[in-house]
Amino acid sequence: MEKIVNQSMLRLVEGDITQETTDAIVNAANSGLMGGGGVDGAIHRAGGPKILEECKKIHAQMGQLPAGQAVITTAGNMKARFVIHTVGPIWHNGDRNEPEILASCYRESLKIAIENRCQSISFPSISTGAYGYPINLAAPVAVNTVINFLTGVYCHIPLLVRFVLFSSSVFDAYAEAVRANAIVQE
Ligand code: ADP
């Protein structure tokens with residue numbers, strides 16, 4: 001499924017983000033930047049130890065990465081050039097600014113991609129695994145934030161943004177959010 005936004009393209013695919021050939025892939029990391037389970041573990045396994053070395057250096061300089069922020073490393077053995085590590089919100093019934101923090105993950109990742117001259121970027125479904133964010137609530141935040149970014153002033157070059165979704169049910173939730181966004185825009 002795809003949608004043209006300004007001169008940029010938003011595409012949804014079902015797949016494994018470690019296989020992406022975009023300039024950057026985004027990791028749903030944790031604040032310690034030490035790797036973990038889910039997509040984080042898959043990215044570190046596929047990319048090799050170089051990514052963790054860089055993460056350790058960043059952590060030594062900056063300490064814990066707060067939720068909603070993003071940092072960048074190389075992508076080790078993967079085809080992408082960069083991994084952008086962002087920390088999603090842990091779901092607490094929506095009482096702790098989870099939508100704002102989740103939106104910030106997508107915006108900050110897109111900004112750091114543009115600062116590093118990326119023309120394409122792939123996102124997983126941040127926070128909807130171990131962090132427990134309900135998929136039907138997370139998908140519209142993800143999709144609407146990316147579409148708003150692509151229409152905003154910060155996005156001065158055409159970008160390809162791919163959501164790489166690990167199962168058909170996650171894909172369906174994102175597809176529904178893209179359809180709903182078109183209705184909102186009309
Ligand atoms: P979080 O801690 O932010 O919730 P998880 O890694 O637990 O992150 O889950 C986020 C999403 O990433 C889930 O939908 C999960 O199914 C998905 N995921 C896991 N492995 C991969 C992968 N290799 N490629 C793309 N998505 C993945």
Side-chain angles (χ1 to χ4, degrees), residues 10-91 98 101-133 135 138-139 141-143 145-146 149 159-171 173-174:
L10 175 63
R11 195 167 280 152
L12 309 185
V13 297
E14 203 180 316
D16 174 357
I17 203 164
T18 65
Q19 303 302 310
E20 288 290 290
T21 58
T22 45
D23 292 329
I25 64 173
V26 176
N27 181 19
N30 51 53
S31 291
L33 295 177
M34 292 300 156
V39 70
D40 195 5
I43 285 173
H44 281 282
R45 274 194 302 278
K50 203 158 171 284
I51 301 175
L52 191 58
E53 275 170 36
E54 287 183 51
C55 284
K56 282 183 179 164
K57 279 189 195 146
I58 293 170
H59 189 263
Q61 285 169 0
M62 296 182 43
Q64 299 282 100
L65 184 66
Q69 294 191 17
V71 296
I72 191 165
T73 66
T74 53
N77 302 327
M78 290 182 289
K79 292 185 192 116
R81 288 164 56 212
F82 300 110
V83 177
I84 296 170
H85 306 262
T86 188
V87 180
I90 298 171
W91 180 254
E98 291 94 326
I101 297 168
L102 186 61
S104 173
C105 289
Y106 288 97
R107 272 196 307 272
E108 294 304 312
S109 297
L110 288 161
K111 281 189 196 168
I112 217 170
I114 286 182
E115 282 162 15
N116 286 274
R117 298 194 171 75
C118 294
Q119 295 178 1
S120 55
I121 178 170
S122 302
F123 283 101
S125 177
I126 297 165
S127 281
T128 63
Y131 281 6
Y133 205 126
I135 185 68
V141 172
V143 164
T145 302
V146 168
F149 186 91
L159 270 187
L160 168 63
V161 179
R162 287 165 61 86
F163 280 108
V164 182
L165 306 162
F166 210 46
S167 71
S168 60
S169 59
V170 174
F171 178 93
Y174 277 71

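Note that these values count all heavy atoms, side chains included, but never hydrogens, waters or copies made by symmetry.
Summarising the geometry of G36 relative to N30, their closest heavy-atom pair is CA-ND2, 4.4 Å, with the distance given to 0.1 Å. Minimum interatomic distance between A28 and P124 (heavy atoms only, all atoms of both residues): N-CG, 4.3 Å. Between I126 and C105 the shortest heavy-atom distance is CD1-CB, 4.1 Å. Considering every non-hydrogen atom in both I51 and G47, the closest pair reads CD1-CA, 3.7 Å. Residues C118 and L159 come closest through the heavy atom pair O-CD2, 3.5 Å.
Listed by chain and number, the residues in a ring-ring contact (aromatic ring centres under 6.0 Å, His included) with F123 are Y106, F163 (sequence neighbours excluded). For Q64, the side chain to side chain contact (heavy atoms under 4.5 Å, CB included) test picks out S31, H59, with sequence neighbours left out. Partners of S120 under the side chain to side chain contact (heavy atoms under 4.5 Å, CB included) rule, at least two apart in sequence or in another chain, are T22, D23, L160. Take R45 and apply the side-chain hydrogen bond (donor to acceptor under 3.5 Å, both in side chains) test, not counting sequence neighbours, and it matches no residue. Residues forming a side-chain hydrogen bond (donor to acceptor under 3.5 Å, both in side chains) with S167 (at least two apart in sequence, or on another chain): S169. Partners of Y133 under the side-chain hydrogen bond (donor to acceptor under 3.5 Å, both in side chains) rule, at least two apart in sequence or in another chain, do not exist in this structure. The side-chain hydrogen bond (donor to acceptor under 3.5 Å, both in side chains) test applied to K111 returns E108, not counting sequence neighbours.
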Could you tabulate the donor-acceptor pairs under 3.5 Å formed by side-chain atoms of residues 13-20, not counting sequence neighbours?
from : atom 1 : to   : atom 2 : distance (Å)
E14  : OE2    : S168 : N      : 3.4
D16  : OD1    : T18  : N      : 3.0
D16  : OD1    : T18  : OG1    : 2.9
D16  : OD2    : T18  : OG1    : 3.1
E20  : OE1    : S122 : OG     : 2.8
E20  : OE1    : R162 : NE     : 2.5
E20  : OE1    : R162 : NH2    : 3.4
E20  : OE2    : R162 : NH2    : 3.1

Sequence neighbours excluded and cut-off under 3.5 Å, please list the side-chain donor-acceptor pairs for residues 78-89, or say none.
from : atom 1 : to  : atom 2 : distance (Å)
H85  : ND1    : N27 : ND2    : 3.2
H85  : NE2    : T73 : OG1    : 3.0
T86  : OG1    : Q69 : O      : 2.8

Problem - Evaluation steps, side chain to side chain contact (heavy atoms under 4.5 Å, CB included), between S125 and F166 - result: CA-CA 8 Å; S125 177; F166 210 46; over 6 Å; no

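Proximity of S127 to I90: side-chain heavy atoms (C-beta onward) are nowhere separated by under 4.5 Å. Using a 4.5 Å cut-off on side-chain heavy atoms (C-beta onward), I25 and I121 make no contact. Using a 4.5 Å cut-off on side-chain heavy atoms (C-beta onward), L10 and Y174 make no contact.
Between the side chain of T145 and the backbone N or O of A103 there is no donor-acceptor pair closer than 3.5 Å.
The distance from atom CG of D40 to atom CE of M34, rounded to the nearest 0.5 Å, is 11.0 Å.
Residues in residues 54-64 take part in these salt bridge (charged side-chain N to carboxylate O under 4.0 Å, His left out) pairs, two or more places apart or across chains: K50-E54.
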